[in-house]
Amino acid sequence: MFRFLKKSKPAKIRGFNGTKKYGVAAKDVKELLEKGCKLLQVPLSGARVCLYEDGTVITEEFFQTLPDNTELILLSEEQTWSGVTCDIGRLLNTDRHADGLIEAAKELLSDEKSSKRRKILSDLLQNLEDKSELESREDDEEWFQGVDTRFKTKSAYMKYNCENRIRGYMKEIDEATKSIKKAKTKAEFVKTSEHLGLMLKEDKYNGCYFDRTVKQQDRLCTKDGWFTCQGSFDEKMCPSLHSINPYGSRESRIVFSTWNLDHRIEKKRTIIPTLLDALQNHRSTDVNVNYFYRLLFTRENLKLVYIVCHKKVAHNLLCDSKKIFVKDVNDKVNQKQNGKRKRVT
């Protein structure tokens, strides 16, 4: 008798293997199970209803406290559910290029109200629909929209992208020359700058960092093109494990432009001023150019960082005073020979 006096509570229910949600109104758990089992064709015997979010079993008392349109999942006797992580696990074990999976994620996104879940679903879709296995312009024309026609492969453009960033660091060094007033110091700084430029040219501006076709030890990405944030200058790794594959889609390629190659020991605040100070009373041949090259242009001092993890504050890290100058005659000879080798090429 009391059951008929209760007000029906609307809920959204789905099956264990389905993504589509159905609206069901029930006065109690018994009615919810009866309607859900009939709708989803699940045997009533042993069936139970759980919260989709965390897998909590819905009891009669708990059901009465639920907000309207709570998302639920109907399970048969042998099925188990521990929450949203179950969906994530099933997605990761599915062919990431399956059209059905993509359509399912789109359907969920269109009906999702939670901003956090919408973010997860939109990021998932972006990665599901990637075409990272394609390399040439003719195979993935969409990826190359807005990219100069001289680039015929994704790797060639990504290599150029990295070279361009590194070239920018060299321009800043050349720019610093204008601020030097003492003629002697300026002349030594120019020599050092030219030496650095030749070394950089020899190393092809370290464009290999973004090129997935080079050897593993030379690149910052996997062979498929995945990059992982290395965390801010004062962290060993990214706590959020940010990852991106700019080879996957045009959108990812554009978003990757917000990732920075950040100098741990800062270029403008520390490295260039330290180099300038070293040349005030010393010749360029006395300065350890190789050390400054590594700080300015290599992974010894560069970290790939997602913009969210990029801390734009003073790093307060100094150059190693023991490495600023060449130590002995042998070091000077090696540095001179190294410079000559660069000039030959």
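The first residue of the sequence shown is numbered 1, and numbering continues consecutively from there.
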Could you measure the distance from the [atom1] atom of [X] to the [atom2] atom of [Y]? Nearest 0.5 Å is fine.
| X | Y | atom1 | atom2 | result |
| --- | --- | --- | --- | --- |
| L318 | E266 | CG | CD | 10.5 Å |
| I180 | L276 | CD1 | CG | 4.5 Å |
| Y205 | C162 | OH | SG | 13.0 Å |
| T274 | L279 | OG1 | CG | 11.0 Å |
| T285 | K191 | OG1 | NZ | 7.5 Å |
| T270 | D277 | OG1 | CG | 12.0 Å |

With [X] via side chain to side chain contact (heavy atoms under 4.5 Å, CB included) - residues at least two apart:
| X | answer |
| --- | --- |
| L317 | F233, R264, I265, H315 |
| R299 | Y209, L220 |
| E142 | K131, D140, Q145 |
| K215 | Q217, D218 |

Which residues satisfy the ring pair (Phe, Tyr, Trp, His ring centres under 6.0 Å) test with [X], sequence neighbours excluded?
| X | result |
| --- | --- |
| F144 | none |
| F210 | F227, F256 |
| Y306 | H242, W259 |
| F292 | none |

Give a yes or no answer on whether the side chain of [X] reaches the backbone of [Y] with a donor-acceptor pair at less than 3.5 Å.
| X | Y | value |
| --- | --- | --- |
| W143 | P246 | yes |
| K303 | E300 | no |
| K35 | A25 | yes |
| T192 | E188 | yes |
| R219 | C221 | yes |
| N288 | K323 | yes |
| D262 | H310 | no |

If Ile, Leu, Val, Met, Phe, Trp and Tyr residues are connected whenever their side-chain heavy atoms lie under 4.5 Å apart, and connections chain through other members, are [X] and [Y] in the same group?
| X | Y | value |
| --- | --- | --- |
| M158 | V214 | no |
| I272 | V190 | no |
| F151 | I166 | yes |
| I13 | L66 | yes |
| V308 | V313 | yes |

Within the 4.5 Å heavy-atom criterion, are [X] and [Y] side-chain neighbours or not?
| X | Y | result |
| --- | --- | --- |
| N161 | R253 | no |
| L74 | Q79 | no |
| L304 | L261 | yes |

What is the minimum heavy-atom distance between [X] and [Y], and which atoms define it?
| X | Y | result |
| --- | --- | --- |
| P10 | S8 | CD-O, 3.8 Å |
| C238 | C309 | SG-SG, 3.8 Å |
| E31 | K27 | OE1-N, 2.8 Å |
| G225 | N245 | O-OD1, 3.0 Å |
| L295 | N301 | O-ND2, 3.0 Å |
| S232 | K311 | OG-CE, 3.5 Å |

Donor + acceptor pair across side chains of [X], [Y] (<3.5 Å):
| X | Y | answer |
| --- | --- | --- |
| S193 | D174 | yes |
| D54 | T56 | yes |
| N290 | R294 | no |

Do the charged groups of [X] and [Y] touch, with an N to O distance under 4.0 Å?
| X | Y | value |
| --- | --- | --- |
| D148 | R150 | yes |
| K38 | E34 | no |
| R212 | E135 | yes |

Full working for side-chain contact (heavy atoms from CB on, under 4.5 Å) between L44 and L33
CA-CA 7 Å; L44 183 59; L33 280 169; 4.1 Å; yes
Could I get the full list of side chain to side chain donor-acceptor pair (under 3.5 Å) partners for R137, not counting sequence neighbours?
none
Sequence neighbours left out, what pairs pass ring-ring contact (aromatic ring centres under 6.0 Å, His included) with at least one residue falling in residues 263-286?
Y169-H263, H282-F325
Output every pair passing ring-ring contact (aromatic ring centres under 6.0 Å, His included) with a member in residues 28-50, not counting sequence neighbours, ordered by first then second residue.
none
Begin from the C-alpha positions of V24 and L72 and carry the test side-chain contact (heavy atoms from CB on, under 4.5 Å) through to its verdict.
CA-CA 10 Å; V24 175; L72 307 173; over 6 Å; no
Sequence neighbours left out, what pairs pass side chain to side chain donor-acceptor pair (under 3.5 Å) with at least one residue falling in residues 41-50?
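Listed once each, the pairs would be none.
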Just wondering, more than 12 heavy atoms not from [X] lying within 6.0 Å of its [atom1]?
| X | atom1 | answer |
| --- | --- | --- |
| E141 | CD | no |
| E60 | CD | yes |
| K152 | NZ | yes |
| E78 | CD | yes |

If you apply the rule side-chain contact (heavy atoms from CB on, under 4.5 Å), what do you find for L275 with F189, and how did you get there?
CA-CA 8 Å; L275 176 59; F189 191 89; 4.0 Å; yes
Going through the distances and angles, do Y291 and D320 end up as a side-chain hydrogen bond (donor to acceptor under 3.5 Å, both in side chains)?
CA-CA 9 Å; Y291 173 61; D320 189 339; 5.4 Å; no
Taking it one step at a time, do R14 and I73 satisfy side-chain contact (heavy atoms from CB on, under 4.5 Å)?
CA-CA 5 Å; R14 68 170 71 184; I73 187 164; 4.1 Å; yes
